[in-house]
Amino acid sequence: MKPIFALVDCNNFYASCEKLFRPDLTHVPVVVLSNNDGCVVARSKEVKALGIKMGGPVFKLKDEIAKYGIVCFSSNYALYADLSNRIMTLLEEEAPRLEIYSIDEAFMDLTGVDSVVDFESFGRSVKHKIDTWVGIHVCVGIAPSKTLAKLANHAAKKYKGTKGVVDLTNRERQRRLMALVEVGDVWGIGRRISEKLIAMGIKTALDLADADPKSIRLKFSVVVERTVRELNGVSCIGFEEAAPTKKQIICSRSFGERILEKQLMREAICKYVTRAAEKLRGEKRLTKSVSVFIRTSPFSKGEPHYSNSMATELPNPTDDTRDLLEVAEVLLDRIWRPGHRYAKAGVMLMDFYEQGTYQCDMFRSHEGKKKSKELMSVVDKINHSGLGNVFFAAQGVTPQWSMKREHLSPAYTTRWSDLKVVR
DNA sequence: TCTGGGGTCCTAGGACCC
DNA sequence: TCTGGGGTCCTAGGACCC
């Protein structure tokens with residue numbers, strides 16, 4: 001049977017989450033900022049209507065923010081993740097199979113569903129449920145490939161008449177829509193490739209669908225060839241129900257203030273190592289490779305730039321924070337150059353092994369490994385319980401370098417004291 | 001003064017081997 | 001003077017996504 005996909009995508013997700021608990025902001029333009037309150041990462045529909053672009057640095061938007069009374073929020077990932085979980089849980093009840101694609105969108109496998117109910121009615125009932133049970137509005141696009149489902153969702157968002165649901169299983173309808181969509185709006189076609197396509201005279205999604213897949217492959221890559229086939233209703237990107245295991249883990253941050261002292265940088269690196277190790281244990285994996293990078297701001301003029309990274313192999317795969325801290329500090333010693341104003345640093349883990357599959361060397365006792373496992377699981381348990389926070393002293397107690405979050409909303413859904421009160 | 005963070009996949013080219 | 005062919009592995013860089 002030919003597969004059918006639905007893409008459910010939340011409207012202006014982060015901005016909608018912030019508005020959910022602030023009815024006074026219902027029709028007010030709202031933006032959500034990146035870490036350090038640096039760039040705009042989400043916009044409410046009022047802000048989009050003002051023509052304000054995604055990703056722009058906030059300091060360049062100061063005039064517009066004042067002029068239109070735009071309300072700014074620092075990103076509050078605990079809130080967004082919690083609302084995302086509620087939505088995904090409801091979606092799981094609706095479809096036999098669900099692929100959670102990102103924090104605010106998921107693919108549903110609707111293959112065969114039309115023997116029970118037509119696709120559009122199905123989409124409408126899903127939308128109604130999320131809209132009313134969670135209060136976050138979603139759009140639904142339905143089509144025989146993921147790329148077309150993305151396109152259908154794009155149309156559901158753009159055209160009011162669709163009321164948020166588009167069934168794009170009909171070929172004629174697919175072609176009519178594709179003729180209206182710019183090639184750069186197709187999933188998988190970014191800025192670089194769309195520039196090249198336009199120069200070749202391929203301007204719309206339909207032009208791309210009608211291009212010869214073989215010659216597209218020669219000029220670009222198999223990835224773009226796949227997109228051409230997907231636009232023609234041939235599903236090349238399959239359904240992935242289980243989240244694939246991670247191949248690398250990165251923890252990096254820009255600093256709230258520039259770092260000049262090595263001791264402060266050491267604290268930051270230790271903090272990132274600790275977080276990365278927690279994620280690694282969450283993935284139930286061991287790592288054999290650690291890398292550390294530090295850099296000055298690429299934007300600052302009139303000061304020397306410095307950027308460096310270094311990686312190392314561990315003798316044995318590990319998930320013990322202490323092992324990782326030890327090598328990370330050595331790496332930092334080797335790349336640290338005094339006299340720079342550092343803006344960002346990070347830690348990357350890669351080369352993962354499943355727990356229990358690696359042949360360990362004979363110098364590390366079995367007893368030692370067991371102790372390490374127990375210690376790490378106690379640390380993780382305490383930190384997840386909300387009862388307290390234990391950490392390694394190396395990361396510092398009161399970091400001066402932590403990020404700026406001057407417009408943070410309360411933890412409405414994850415902290416008792418921040419619960420919304422209705423009077 | 002102030003420009004995010006975390007991922008994946010593909011390709012080309014070099015090193016090395018027989 | 002003549003200077004192959006085929007394969008693998010690794011890495012860096014580019015491109016994309018949310």
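No hydrogens, no waters, no symmetry mates; every other heavy atom, side chains included, goes into these values. Order of the sequence lines fixes the chain letters, A, B, ..., with proteins taken first and strands second; residue numbering starts at 1 for each chain.
Within the structure, the side-chain hydrogen bond (donor to acceptor under 3.5 Å, both in side chains) test picks out no pair touching residues 236-247 of chain A (sequence neighbours left out). Contacts classified as side-chain hydrogen bond (donor to acceptor under 3.5 Å, both in side chains) and involving residues 293-311 of chain A (residues at least two apart or in different chains) are given here: A:S300-A:E303, A:E303-A:R341, A:Y306-A:N308.
Secondary-structure stems of DNA chain B, taken as three or more successive Watson-Crick or G-U wobble pairs (i with j, i+1 with j-1) under a 3.5 Å distance threshold, comprise B:5-18 with C:5-18.
Taking both residues in full, the closest heavy atoms of A:Y80 and A:C17 are given as CD2-CB, 3.6 Å, listed atom of the first, atom of the second, then distance.
Using modelled atom types and a 3.5 Å distance limit, the side chains of A:R281 and A:T321 yield a donor-acceptor pair. Remark: the A:D320 side chain and the A:S372 side chain contain an N/O donor-acceptor pair separated by less than 3.5 Å. In summary, the side chains of A:N76 and A:S409 do present a donor paired with an acceptor at a separation below 3.5 Å, with no hydrogens or angles considered.
Aromatic ring centres of A:W336 and A:Y342 lie closer together than 6.0 Å. The six-membered or imidazole ring of A:Y101 lies near that of A:W187, with a centre-to-centre distance under 6.0 Å. Ring pair A:Y77/A:Y14: centre-to-centre distance below 6.0 Å.
Within the 4.0 angstrom heavy-atom criterion, only backbone atoms of the sugar-phosphate kind lie near A:I193; the bases stay farther away. Contact annotation for A:R217: no contact, since no heavy-atom pair falls under 4.0 Å across all strands. Looking at heavy-atom distances under 4.0 Å, A:D104 makes contact with sugar-phosphate atoms alone, never a base. Using a 4.0 Å heavy-atom distance criterion, A:E105 is classed as a sugar-phosphate-only contact. In this structure, A:K404 reaches neither bases nor backbone, as no heavy-atom distance under 4.0 Å exists between it and the strands shown. Counting any heavy atom pair closer than 4.0 Å across all strands shown, A:K279 reaches sugar-phosphate atoms only and no base atom. Among the heavy atoms of the strands, none lies under 4.0 Å from A:L33. Residue A:V186 is classed as a sugar-phosphate contact, given heavy-atom separations below 4.0 Å to backbone atoms only.
The ring pair (Phe, Tyr, Trp, His ring centres under 6.0 Å) search around A:F255 returns none, not counting sequence neighbours.
Annotation: of the two residues near DNA chain B, A:N35 and A:F59, the 5′-most nearest-nucleotide partner is A:F59.
Look at the C1' atom in both C:dG4 and B:dC16: the space between them is 16 Å, to the nearest Å.
Looking at A:I249, A:L280, A:D351 one by one, the single match for side chain to side chain contact (heavy atoms under 4.5 Å, CB included) with A:R285 turns out to be A:L280.
The stretch residues 220-231 of chain A comes close to DNA chain B through A:S221, A:V222, A:V223, A:R226, each having a heavy atom under 4.0 Å from the strand.
On the nucleic acid side, DNA chain C contacts chain A at distances under 4.0 Å to non-hydrogen atoms, with the end points of that region at C:dA15 to C:dC18.
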